[in-house]
2 protein chains.
Amino acid sequence: MNDDAHGTAIRVERPAKTLRELALDKVREAILNGYFRPGDRLVERDLCAQLGVSRTIVREVLRHLESEGLVANLPNKGPIVAQLNHDEAKQIYEIRGALEGMAARLCAEQRNPAIADALDKSLEDIRNSYRDKDMAGVLAHTSSFYQTLFSMVDRHIAWGVVNLLTVRINHLRSMTIKTQNRDVQGPVQMARIVDAIRRGDGEGAFQAAMEHVASASAIAQAVLSGRQPID
Amino acid sequence: MNDDAHGTAIRVERPAKTLRELALDKVREAILNGYFRPGDRLVERDLCAQLGVSRTIVREVLRHLESEGLVANLPNKGPIVAQLNHDEAKQIYEIRGALEGMAARLCAEQRNPAIADALDKSLEDIRNSYRDKDMAGVLAHTSSFYQTLFSMVDRHIAWGVVNLLTVRINHLRSMTIKTQNRDVQGPVQMARIVDAIRRGDGEGAFQAAMEHVASASAIAQAVLSGRQPID
DNA sequence: TACCATATTATGGCCTACCAAGATTATGCA
DNA sequence: TGCATAATCTTGGTAGGCCATAATATGGTA
């Protein structure tokens, strides 16, 4: 009478998120959406009150965010929201370039048409989101595009790394996609990746992925320099 | 009468490691050196007793190790020492290849003789450690070789990523270096990286770094497959 | 008034003790 | 023997307290 006897098709979605995970998501979200600004102190007891959880939880959450790079711990001062400078942002984009390029190359070498089809699907979603001015959708579908790139060749660890780094440049991402022409340029560059993959052109896919990240990085640097060609 | 008035030359070494950091190091070390084996349960209260610290600390440490990938948390069961399978090990080596290749290329393009000199220094240390059969030394100096590679071009984030991934394959590393001929092959391959860097040959440095990691990966796979050509 | 020494406060690091709920293992009875 | 119930183990989570240190306020004196 257990699940195994009947398969797991209707297995209930485990609502079993622990309180800690809930709190983690809340705080991370609060940092990402700017409720907590870079440099803000994150006082344990205040967070307890705001989240309605105990210090134990808050401390674990802060440690976790620290290892994600979203929170920095000053000795004898306590945790603050980490600030990202030009150079670190550049490094993160560079790493993404290397890993996404790698994944793109592997996808191309796989010679499996289903990969390009799946990517096209995400690309279409991105175009639609741009058309609807749904910027949250653009971000989500862009992530999903890259997730597909990695998961189609079973590179979940690299995807984890990229994902981890990406949260740290989240605010930059949401700015770059609002940039002049990015609604056209972005998808065009991504389409080049898909084309190369469909052709089985590993080197081309690698290059196209690198270029896409490089241009995002360039925009991010411009944004960080203050002269924001935005909106 | 403060330090600033007299410079910081005699500044006391800050012993200010928190208990949590100490405990973290202990447990990580215990996992790396095999005191805790993959699959072992890590019972909070047992760890409290063994470490002599409170649950607060132990919980934070376990969470931290979880985010490092050294510990896995089974729902409704609790934390165990993570086990690494073939495929994940392969993925980690692959990522290292991409990032170390990238760093090697950047070093070459820097055209700064000091870089190759520093790397040669580490290489010499590695050779000496091999000669003295000091395997811990080999590992340490190999790390330092790669750290130099990254830090010389100010890529501390990529270095962090590599470092994080490396702890997870630590036991494999200590096995690969004991492999037949690795005492010769390893340094030779690394010397090729240094040579390419000294020549300013970015592509060559990239390739040499990739090959070095690839051969380590191949050995690791052989080790994992049981047929260990060891010692 | 200027300055220094002494509270006070804020905060992180750390601890003990406790409870609830789910999983596992013993136990005891039919 | 087989099954239901109870005891136990362990994590998730809470409450509250202690101590050390750093920053800040306070107050008294030259």
Side-chain angles (χ1 to χ4, degrees), chain A residues 1-5 8 11-28 30-31 36-37 39-67 70-82, chain B residues 1-5 8 11-28 30-31 36-37 39-67 70-82:
Chain A
M1 199 69 104
N2 61 20
D3 285 350
D4 284 352
T8 55
R11 170 80 57 87
V12 61
E13 192 64 36
R14 84 165 30 245
K17 277 236 185 186
T18 68
L19 198 53
R20 179 171 53 82
E21 292 171 295
L22 258 19
L24 176 61
D25 290 344
K26 281 276 185 211
V27 178
R28 189 194 289 112
I31 292 175
F36 294 124
R37 319 286 290 279
D40 280 3
R41 294 189 62 184
L42 297 171
V43 177
E44 287 182 8
R45 287 170 171 88
D46 292 355
L47 282 177
C48 291
Q50 293 184 62
L51 294 167
V53 299
S54 72
R55 261 183 90 196
T56 312
I57 303 292
V58 169
R59 289 181 55 121
E60 289 175 18
V61 165
L62 289 175
R63 302 294 166 241
H64 193 118
L65 292 172
E66 196 182 340
S67 69
L70 236 45
V71 163
N73 225 329
L74 309 183
N76 289 327
K77 292 283 290 257
I80 62 171
V81 178
Chain B
M1 200 69 104
N2 61 20
D3 284 350
D4 284 352
T8 55
R11 172 78 58 87
V12 61
E13 192 65 37
R14 88 165 25 246
K17 277 235 185 185
T18 66
L19 200 52
R20 179 173 54 82
E21 292 172 297
L22 258 17
L24 176 61
D25 290 343
K26 282 276 185 210
V27 178
R28 188 194 289 114
I31 292 176
F36 294 125
R37 318 287 290 278
D40 280 3
R41 293 190 61 185
L42 297 170
V43 177
E44 287 182 7
R45 283 172 171 85
D46 292 356
L47 283 177
C48 292
Q50 293 185 62
L51 294 168
V53 300
S54 74
R55 260 186 87 201
T56 312
I57 302 293
V58 169
R59 289 181 57 145
E60 289 175 22
V61 165
L62 288 175
R63 301 279 119 74
H64 193 117
L65 292 172
E66 195 183 340
S67 70
L70 234 45
V71 163
N73 225 327
L74 309 184
N76 289 327
K77 290 284 288 261
I80 63 171
V81 177

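Quantities reported herein were computed from a predicted structural model and do not represent experimental measurements. First the proteins, then the strands, lettered A, B, ... as listed; each starts at 1.
In this structure, A:E21 atom CD and D:dG13 atom C1' are separated by 13 Å, rounded to whole Å. When rounded to the nearest whole Å, the span between CD of A:E44 and P of C:dC14 equals 11 Å. Atom pair A:L74:CG and D:dA22:C1' shows a separation of 13 Å (rounding to whole Å applied). Per the geometry, CG belonging to A:L19 stands 11 Å off P belonging to D:dA15, to the nearest Å. The nearest whole Å value for the distance from the CG atom in A:L22 to the P atom in D:dT14 is 11 Å. Atom P of nucleotide D:dA22 and atom CD1 of A:I80 are separated by 17 Å, given to the nearest angstrom. Between the C1' atom of D:dA15 and the CZ atom of A:R45 lies a distance of 12 Å, rounded to the nearest Å.
If you check residues 54-63 of chain B against DNA chain D, the residues with a heavy atom closer than 4.0 Å are B:R55, B:R59, B:R63, listed by number.
Two residues are said to be in side-chain contact when any heavy atoms from C-beta on lie closer than 4.5 Å; B:R20 and A:R63 meet this criterion. When side chains are defined from C-beta on, A:L51 counts as touching A:V27, because their heavy atoms get closer than 4.5 Å. Proximity of B:L47 to B:V43: side-chain heavy atoms (C-beta onward) are nowhere separated by under 4.5 Å.
Residue-level contact check: B:L42 touches the backbone only, with heavy atoms under 4.0 Å from sugar-phosphate atoms and none from bases.
Judged purely by atom type and a 3.5 angstrom limit, B:E60 has no side-chain atom pairing as donor or acceptor with the backbone of B:I57.
A salt bridge links B:R28 with B:D25: the distance from a Lys NZ or Arg NE/NH1/NH2 to an Asp or Glu carboxylate oxygen falls below 4.0 Å.
Between the side chain of B:R20 and the base of C:dG13, no donor-acceptor pair of N or O atoms lies under 3.5 Å.
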Legend entry - Residue pair A:D46, A:R41: steps toward the salt bridge (charged side-chain N to carboxylate O under 4.0 Å, His left out) verdict: CA-CA 10 Å; A:D46 292 355; A:R41 294 189 62 184; over 6 Å; no
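Of the candidate nucleotides C:dT11, C:dA23, C:dG13, C:dA23 has the atom nearest to the side chain of B:K77.
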